[in-house]
Protein chains: 2
Amino acid sequence: MPAPRQAQIAEAPERSTLPAGRNLLFLREEELRLAQDLLFFGYRDFTAGADEILAGMSMGRAHHRVLHFVGRRPGITVGDLLGILAITKQSLGRVLQPLMEDGYVVQTPGRADRRQRLLALTDKGAALERRLFERQRETVMQAYREAGPAAVEGFRRVMRGLMGEQARAAFDMLEGPPAP
Amino acid sequence: MPAPRQAQIAEAPERSTLPAGRNLLFLREEELRLAQDLLFFGYRDFTAGADEILAGMSMGRAHHRVLHFVGRRPGITVGDLLGILAITKQSLGRVLQPLMEDGYVVQTPGRADRRQRLLALTDKGAALERRLFERQRETVMQAYREAGPAAVEGFRRVMRGLMGEQARAAFDMLEGPPAP
DNA sequence: CCGTTTGGGTCAGTATCATTGACCGATCCG
DNA sequence: CGGATCGGTCAATGATACTGACCCAAACGG
């Protein structure tokens, strides 16, 4: 008998024939578990296509994120980019440095504040970003088509609701005015 | 003039006053960029709460995923779990091993096939999983409430659409019948 | 019954993404 | 001028993942 350590095994959650009163709570719990699963599988496959391309260039998701957000906001400062990504300076540096050395991104000193380094994609950087973009476009567009326009609107509302304060502010800044 | 290397700077994408014919294409492009942003920010904050708890226990997201899926399918085999997570045996081992040593997960030999190791949460494991679950529940439930039931349905449809073949099969198995 | 396949575990080495804490130079601003 | 800010950099660490090779034990099939 292989049991020198008799651990308590948790009971499996019930899946049917519930006491009437708990029904609503149970549904909410299942709803949540469903959401966890959806987000795990969905996000993974959303990024999978771009990850594949990146792997072949000894880059990773972090590089893609920089390309994406710099492309979205040309002239963004390093500080603002850090705020969007919510990573440390060092983590960004390790990704941004090679991107600049390899000619995907350039920085130019700010005119108003010369301490700032304004980031922008080169043509080469924009081309790579576009390649990654097109790959994800296929995935997302198919999901949008299958789901329909109303579903897309719902998807947006829920995803936005998942964000915290800080992310929502960054998000609104990105989607909002071209530049302050 | 600090320009020994004159890189081409890509033009910023236009944001208004488009040639009429390209309008639709432009909207689709913006739609996609919006989706990318939503998924990045949304997923990050969805996992942030649980990540915080895990960090305090020298665990990471990978541990959470194991607890989640084992909790969802008690008695799951190692092979099936590998299929769901889509990682290598070695990667799973490095996470599963400590979880078993620390008494969060137990394995029992399969009755039909004694090569199999059937995984289950201990009470301790179920308690931790619940703690993580409750944390994410707050985030998701608030997003659901804000967005409304119709939006939730749309969210589900789109997330499911993002999945590839393999993920969709795993997903359907999870949400489907209690056990084969 | 014996050989092959399958389920699971393990070793060694490598890569990416992230962290902390400290420190520096250049620039801005009161 | 002096402090605050923007950006870069050092060193060390940890989590997650990968490949390829190899092993044991149990199941399966001719």
Side-chain angles (χ1 to χ4, degrees), chain A residues 2 40 43-44 47-48 50-70 75-102 105-120, chain B residues 2 40 43-44 47-48 50-68 70 75-102 105-119:
Chain A
F40 171 67
Y43 188 76
R44 192 183 61 186
T47 58
D51 287 348
E52 234 174 85
I53 296 175
L54 291 158
M57 326 184 46
S58 59
M59 293 201 220
R61 224 174 267 183
H63 301 80
H64 186 190
R65 290 200 278 254
V66 169
L67 292 172
H68 170 78
F69 287 115
V70 171
I76 190 174
T77 66
V78 171
D80 284 352
L81 185 55
L82 282 174
I84 287 172
L85 296 173
I87 59 176
T88 59
K89 240 189 313 182
Q90 295 76 357
S91 293
L92 176 58
R94 263 200 3 271
V95 166
L96 187 53
Q97 199 71 46
L99 283 174
M100 295 192 296
E101 282 167 8
D102 295 348
V105 175
V106 282
Q107 44 178 215
T108 59
R111 298 152 317 297
D113 184 339
R114 289 197 329 251
R115 290 172 305 180
Q116 295 181 333
R117 301 282 177 263
L118 307 185
L119 303 172
Chain B
F40 171 68
Y43 188 76
R44 192 183 61 187
T47 58
D51 287 348
E52 234 174 84
I53 296 175
L54 291 158
M57 322 184 49
S58 59
M59 293 201 223
R61 227 174 265 184
H63 301 79
H64 187 189
R65 290 199 278 255
V66 169
L67 291 172
H68 171 76
V70 171
I76 191 175
T77 66
V78 172
D80 284 353
L81 186 54
L82 281 174
I84 288 172
L85 296 173
I87 58 177
T88 59
K89 240 189 313 183
Q90 296 75 357
S91 294
L92 176 58
R94 262 200 3 272
V95 166
L96 187 54
Q97 200 70 48
L99 282 174
M100 293 192 295
E101 282 167 8
D102 296 348
V105 175
V106 281
Q107 45 177 216
T108 59
R111 297 151 319 296
D113 184 338
R114 288 198 329 250
R115 291 172 307 180
Q116 296 181 332
R117 301 281 177 262
L118 308 184
L119 303 172

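Below, chain A is the first sequence line, B the second, and so on; all start at residue 1.
In this structure, A/Leu96 places its CG atom 16 Å from C1' of C/dT16, rounding to the nearest Å. In this structure, A/Leu85 places its CG atom 10 Å from P of C/dT19, rounding to the nearest Å. Between B/Leu81 atom CG and C/dG9 atom P the separation is 11 Å, expressed in whole Å. Between the CD1 atom of A/Ile87 and the C1' atom of C/dT16 there is a distance of 12 Å, rounded to whole Å.
Between A/Gln116 and A/Pro109 the shortest side-chain heavy-atom distance does not fall below 4.5 Å.
Rounding to the nearest 0.5 angstrom, the gap separating the NE2 atom in B/His63 from the CG atom in B/Leu54 is 8.5 Å.
For residues 51-61 of chain A, proximity to DNA chain C is found at A/Ser58, A/Gly60, A/Arg61, defined as any non-hydrogen atom under 4.0 angstrom from a strand atom.
For DNA chain D, the contact window with chain A, defined by any atom under 4.0 Å from a protein heavy atom, covers D/dT5 to D/dC10 in 5' to 3' order.
Between A/His63 and C/dT16 there is no side-chain polar atom (N or O) within less than 4.0 angstrom of OP1 or OP2. For C/dA15, the OP1/OP2 oxygens have no side-chain nitrogen or oxygen of A/Arg94 closer than 4.0 Å.
Each end of the helix from C/dC1-D/dG30 to C/dG30-D/dC1 gets its own rotation axis from five pairs of C1' atoms, and the angle between them is 30° to the nearest 10 degrees.
Here C/dT20 is the nucleotide among C/dT10, C/dC17, C/dT20 with the atom lying nearest to any side-chain atom of A/Gln90. Side-chain proximity of B/Val78 to C/dG8, C/dA18, C/dT20: nearest is C/dG8.
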Distances under 3.5 Å only, N/O to N/O: pair up the protein atoms with those of nucleotides 23-30 of chain C.
residue	atom	partner	partner atom	Å
C/dT27	O2	A/Arg115	NH1	3.4
C/dC28	OP1	A/Arg114	N	2.8

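The residue A/Gly93 sits apart from the nucleic acid: no heavy atom pair falls under 4.0 Å.
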Q.
Evaluate A/Met59 against A/Leu99 for side-chain contact (heavy atoms from CB on, under 4.5 Å), listing each step before the verdict.
A. CA-CA 9 Å; A/Met59 293 201 220; A/Leu99 283 174; 4.0 Å; yes
(Q) I'd like to know whether B/Leu118 forms a side-chain contact (heavy atoms from CB on, under 4.5 Å) with B/Thr77, so could you lay out the CA-CA distance, the side-chain angles of the two residues, the decisive distance to 0.1 Å, and finally the verdict. (A) CA-CA 5 Å; B/Leu118 308 184; B/Thr77 66; 3.7 Å; yes
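Scored by the salt bridge (charged side-chain N to carboxylate O under 4.0 Å, His left out) test, B/Arg114 finds no partners at all (sequence neighbours excluded).
For the side chain to side chain contact (heavy atoms under 4.5 Å, CB included) with A/Thr47, the lone residue among A/His64, A/Glu52, A/Arg61 that qualifies is A/Arg61.
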Using a 3.5 Å cut-off and no angle test, enumerate the donor-acceptor pairs between side-chain atoms of residues 78-97 of chain B and protein atoms at least two apart in sequence or in another chain.
residue	atom	partner	partner atom	Å
B/Thr88	OG1	B/Ser91	N	3.3
B/Thr88	OG1	B/Ser91	OG	3.1

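With DNA chain C read from its 5' end, the first of the two nearest nucleotides for B/Leu92 and A/Thr88 is the one closest to B/Leu92.
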